[in-house]
Each structure stands twice: as structure tokens, then as C-alpha cells.
There are 2 protein chains.
Amino acid sequence: MDRELLKGHLPVLILGVLREKPLHGYAICREIQSRGASELKLKEGTLYPLLYRLERRGHIKSFWETAPSGKQRKAYKITKSGIKMIESHKTEWKILTSLFSTFLGEGWVKQ
Amino acid sequence: MDRELLKGHLPVLILGVLREKPLHGYAICREIQSRGASELKLKEGTLYPLLYRLERRGHIKSFWETAPSGKQRKAYKITKSGIKMIESHKTEWKILTSLFSTFLGEGWVKQ
DNA sequence: TTAACATATATTGTGTAACATAATATGATG
DNA sequence: CATCATATTATGTTACACAATATATGTTAA
């Protein structure tokens with residue numbers, strides 16, 4: 001999948017994962033990898049900065065958890081603002097969809 | 001509409017306009033403006049470089065036409081490659097849609 | 001057992017490309 | 001002259017890709 005097309009959408013996909021349960025970065029990476037299959041590969045170097053941005057903006061909150069190995073690792077939990085962001089992204093998505101309908105015809109979205 | 005979300009999609013919207021009929025840059029601008037309503041404002045400084053890119057990649061072809069005023073102006077026509085690009089973008093769109101379904105649930109796209 | 005290696009986890013730096021914004025230029029027109 | 005139609009160019013912001021690095025732990029092979 002063309003990387004440009006993900007711009008702006010990617011964070012919401014992450015939020016979608018975190019909405020189910022809190023996860024630490026590396027686990028998010030694997031989760032995305034396994035679900036997104038070949039369509040969506042996400043290297044750590046892409047994910048982590050993205051997580052920092054999301055936290056800086058208040059959409060997720062990090063906390064420390066103890067791995068089975070005893071090692072500390074940083075995990076992330078979605079916030080109310082994050083949930084709200086998912087919702088408002090849905091609105092944006094509809095706008096985008098309607099733009100495509102307008103410029104490329106009904107057939108674009110349906111079927 | 002959040003500008004990030006348009007990345008990669010914008011050129012296809014332009015191609016959608018040009019698929020109907022050839023237009024010169026400024027006219028494309030007005031066309032987009034009038035159809036895209038408030039959701040999509042497009043300054044010349046954004047449009048023209050975009051047109052150059054599209055031409056460089058062979059998706060549109062420019063030619064000179066004479067305005068009613070007698071002035072020469074550059075107009076653009078979509079190419080076969082451009083049409084093909086619209087089609088393949090539709091595929092990408094479906095992938096994106098399915099990613100959202102996967103990560104945010106069925107309800108994302110429908111309704 | 002120790003050395004080598006792999007895996008889990010996180011960080012950081014650098015590059016690319018799209019799009020935004022704004023400034024500028026020119027001819028036409030009222 | 002002011003405004004409109006039309007095009008160009010320069011500069012900035014930001015996301016995301018990619019690659020390199022760091023460290024702790026767990027596993028395998030000599």
C-alpha cells in the first residue's frame with residue numbers, strides 16, 4: 001500500500017488497536033504486523049515517534065509495566081481524547097469519501 | 001478537512017476533474033473550489049506543483065490553448081496512464097478501507 | 001561453562017515527498 | 001489605476017520510511 005495514502009490515517013489505526021487493550025510499543029508493532037498483513041508493515045523507527053506524538057497530544061498515556069522477564073517496559077493506554085479522535089476521524093473519513101464521490105462518481109465508494 | 005488526510009489522494013481528485021474534460025490550471029482551481037465546497041480549498045501554489053508532478057509522471061499532458069482574450073495558456077489533458085492511476089487508486093482505497101475495518105470494526109465504513 | 005547469537009524492546013538520526021502559505025510576475029480589462 | 005486571470009517560485013512543516021544503535025535477556029553451540 002502506497003505510504004503516502006496512510007499519512008494521517010496511521011495514528012488512528014494505532015488508536016484502534018489500543019482501544020481494545022493497552023499494549024507496549026513492540027507489541028503494537030507485532031499486532032499491526034500480524035493483522036495488517038502485507039498491506040501494512042510498520043518498523044519500530046516509524047512506530048515509536050508516532051507514539052510519542054500521540055502521547056504529546058494527549059491521545060494516549062504511557063505507563064510502566066513489568067514484563068514476565070521482570071524487565072520494565074513502557075506501555076500505552078488510550079485516553080478519552082484518543083477515543084474522541086477516533087470518532088472525529090470517522091467524520092473526516094466521510095468527508096473524504098464524499099469528495100471521491102463528487103470527483104469520481106458514485107461508483108467509487110460503493111462496491 | 002485535515003490536510004494530512006489528503007496526502008496521496010489529492011492528485012486523484014484532480015485526475016477525476018480532468019477525466020471529464022481538459023482544463024487549464026486556474027480553471028481546475030476554481031472547479032475544485034466550487035465542487036469541493038468548504039471541505040477542500042486549493043491554492044494555486046499547491047495546485048501547480050501538483051500538476052507538474054502529474055505531468056512529469058505521465059498522468060497528464062499539457063498543451064497550449066488560446067483563451068478568449070487571445071492569451072495563451074497551458075491546459076492539461078488526462079493520459080491513459082492517468083486513467084489507469086485512477087483505477088489503481090481505487091484498489092488502494094479498498095485496501096485502506098479494509099484496514100479500517102480490521103482495526104476499527106465493521107461499523108467504520110458502513111453507514 | 002563460556003562465548004556467540006538471537007530476540008525483545010526502545011531510541012535516535014537522516015532523508016523524502018506532499019502539501020500549505022505567501023510572495024511575485026504579467027497581461028487583460030474595466 | 002485597480003482588479004482579475006493566470007502562472008511561477010521559494011520557503012516551511014510534517015509524516016512517515018529506513019537504518020543504525022543500544023541494552024537486556026534468553027538460547028544455542030563450542
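Residue numbers begin at 1 in each chain, while the letters A, B, ... track the order of the sequences.
Taking the six-membered ring where the residue is Trp, A/Trp108 and B/His89 present parallel rings, their angle staying beneath 30° rather than reaching 60°. The aromatic rings of A/Trp93 and B/Trp93 sit parallel to each other, their planes meeting at less than 30°, with 60° as the upper class boundary.
Nucleotide C/dT21 holds its P atom 6 Å from the CZ atom of B/Arg3, rounded to whole Å. The nearest whole Å value for the distance from the CD atom in A/Gln72 to the P atom in C/dT11 is 13 Å. Here the P atom of nucleotide C/dA18 and the CE atom of B/Met1 are 18 Å apart, to the nearest Å. Taking atom CZ on B/Arg53 and atom C1' on C/dT16, their separation rounds to 12 Å, with Å as the unit. C/dA20 atom P lies 11 Å from atom CD of B/Gln33, rounded to whole Å. In this entry the distance linking NZ of A/Lys74 with C1' of C/dT11 reads 9 Å, nearest Å. A/Asp2 has its CG atom 11 Å from the C1' atom of C/dA18, to the nearest Å. Put simply, NZ on A/Lys43 is 16 Å from P on C/dT16, counting in whole angstrom units.
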Tabulate atom names and distances for all N/O pairs under 3.5 angstrom spanning the protein and nucleotides 2-5 of chain C.
none

Step by step, would you call B/Phe63 with B/Lys74 a side-chain contact (heavy atoms from CB on, under 4.5 Å)? CA-CA 6 Å; B/Phe63 61 95; B/Lys74 212 193 292 182; over 6 Å; no
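Residues satisfying the side chain to side chain contact (heavy atoms under 4.5 Å, CB included) criterion with A/Ser101, sequence neighbours excluded, are A/Glu106, A/Val109. With sequence neighbours excluded, no residue satisfies side-chain hydrogen bond (donor to acceptor under 3.5 Å, both in side chains) with A/Ser38. Judged as a side-chain hydrogen bond (donor to acceptor under 3.5 Å, both in side chains), and not counting sequence neighbours, the contacts of B/Thr66 are B/Gln72. Here B/Ser81 pairs with B/His59 under the side-chain hydrogen bond (donor to acceptor under 3.5 Å, both in side chains) rule; sequence neighbours left out.
Separating the OG1 atom in B/Thr79 from the NZ atom in B/Lys61 is a distance of 10.0 Å, to the nearest 0.5 Å. Atom-to-atom distance recorded for A/Met1:CE and A/Glu39:CD is 7.5 Å, nearest 0.5 angstrom. Annotation: the span from A/Ile28 atom CD1 to A/Leu42 atom CG amounts to 9.5 Å, rounded to 0.5 Å. Atom CD1 in B/Ile83 sits 13.0 Å away from atom CD1 in B/Ile60 (nearest 0.5 Å).
Residue pairs satisfying the side-chain hydrogen bond (donor to acceptor under 3.5 Å, both in side chains) criterion with at least one member in residues 40-58 of chain B, sequence neighbours excluded, are listed as follows: B/Glu55-B/Ser62. Sorted by first and then second residue, the pairs that involve residues 20-31 of chain B and meet side-chain hydrogen bond (donor to acceptor under 3.5 Å, both in side chains), not counting sequence neighbours, are B/Glu20-B/Arg35, B/His24-B/Arg73, B/Glu31-B/Arg35. Sequence neighbours left out, not one pair with a member in residues 78-92 of chain B passes salt bridge (Lys or Arg N to Asp or Glu O under 4.0 Å).
Taking a 4.0 Å limit (strictly below) on heavy-atom distances, residues 5-25 of chain A reaches DNA chain D at A/Leu6, A/Lys7, A/Gly8, A/Leu10, A/Pro11.
For the pair A/Arg73 and A/Thr46, both in contact range of DNA chain C, the more 5′-proximal nearest nucleotide belongs to A/Arg73.
Contacts between chain A and DNA chain D, taken as any atom within less than 4.0 angstrom of a protein heavy atom, begin and end at D/dA15 to D/dG26.
If you check every strand for non-hydrogen atoms under 4.0 Å, B/Arg57 touches sugar and phosphate atoms only.
Note on A/Tyr52: a side-chain N or O is less than 4.0 Å away from OP1 or OP2 of C/dT11.
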Base-contact (B) and sugar-phosphate-only (S) positions in nucleotides 23-30 of chain C, heavy-atom cut-off under 4.0 Å, - elsewhere: -----SS-
